[in-house]
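Structure first, commentary second.
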Amino acid sequence: MREMAGLDEGAPLFAQVAERLAAEIADGGLAEGERVPSTNELAAFYRINPATAAKGINVLADEGLLEKRRGIGMFVAAGARATLLGRRRAEFTARYVRPLLTEAIRLGIDSDELIALIKEAGNEREVAPL
């Protein structure tokens, strides 16, 4: 498990554990077929109750992102990264792209101008061009 920041008090701890593991999978830090840290390892790392860590792991298992191998532990399921990236792209579209398009329409910005503005902003931030 690579170094991760501690948990905060904003969201339930089990949800934060699940999100941290999901982020590791999405980022490629935990590859498909790789064993995930045990509930005891997570509990010790985050200094939380093992039942709380188990609940976080079970969230991902219920979503089909982790699979249990009897007597061995939990492993990243095949296709988990693609599933997570698909979800995150959908969330990105809903959270950022749709509101951007709505505002562009309000301002009379057509698609060509919007693309040019995005490219310009990307160049200003030294981001790879779209």
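Residue indices begin at 1 and follow the sequence shown.
- Here the side chains of L13 and Y46 are not in contact, with every heavy-atom distance at 4.5 Å or above.
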Please tabulate, for side-chain N and O atoms in residues 95-109, each donor-acceptor pair with protein atoms closer than 3.5 Å (sequence neighbours left out).
{"residue": "T102", "atom": "OG1", "partner": "R98", "partner atom": "O", "Å": "3.0"}
{"residue": "E103", "atom": "OE1", "partner": "R106", "partner atom": "NH1", "Å": "3.1"}

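- Of all the heavy atoms in G56 and A18, the pair that sits closest is O-CB, 3.4 Å.
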Under the side-chain contact (heavy atoms from CB on, under 4.5 Å) rule, what do V17 and T52 come out as? Steps first, then yes or no, please.
-> CA-CA 9 Å; V17 168; T52 301; 5.5 Å; no
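- Under the side chain to side chain contact (heavy atoms under 4.5 Å, CB included) rule, V76 has a single partner from L65, L60, L30, which is L30.
- Side-chain contact between V59 and F14 is present, with heavy atoms from C-beta onward closer than 4.5 Å.
- Note that CD1 of I72 is 14.0 Å distant from OG of S38, once rounded to the nearest 0.5 Å.
- Of all heavy-atom pairs between A77 and G64, the closest is CB-O, 3.3 Å.
- N58 places no side-chain N or O within donor-acceptor distance of the main-chain N or O of A61, the cut-off being under 3.5 Å.
- The closest side-chain heavy-atom distance from P37 to L21 is below 4.5 Å.
- The minimum heavy-atom distance between E32 and A80, with the atom names listed, is OE2-N, 3.5 Å.
- A salt bridge between K119 and E124 is absent, with no side-chain N of the basic residue lying under 4.0 Å from a carboxylate O of the acidic one.
- You'll find the side chain of I48 stays beyond 4.5 Å of the side chain of L42, heavy atoms only.
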Is there a salt bridge (charged side-chain N to carboxylate O under 4.0 Å, His left out) between E67 and R35 once you walk through the steps?
-> CA-CA 9 Å; E67 59 188 15; R35 182 184 164 280; over 6 Å; no
Salt bridge (charged side-chain N to carboxylate O under 4.0 Å, His left out) between E24 and R81, intermediate numbers included | CA-CA 9 Å; E24 282 282 314; R81 185 167 192 266; over 6 Å; no
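- Under the 4.5 Å side-chain heavy-atom criterion for grouping Ile, Leu, Val, Met, Phe, Trp and Tyr, L117 is connected to F92 within one hydrophobic cluster.
- Looking at every heavy atom in both residues, E34 comes nearest to G29 through OE1-O, 3.9 Å.
- Salt-bridge formation is not detected for the pair E91/R89: no Lys NZ or Arg NE/NH1/NH2 atom is positioned less than 4.0 Å from an Asp or Glu carboxylate oxygen.
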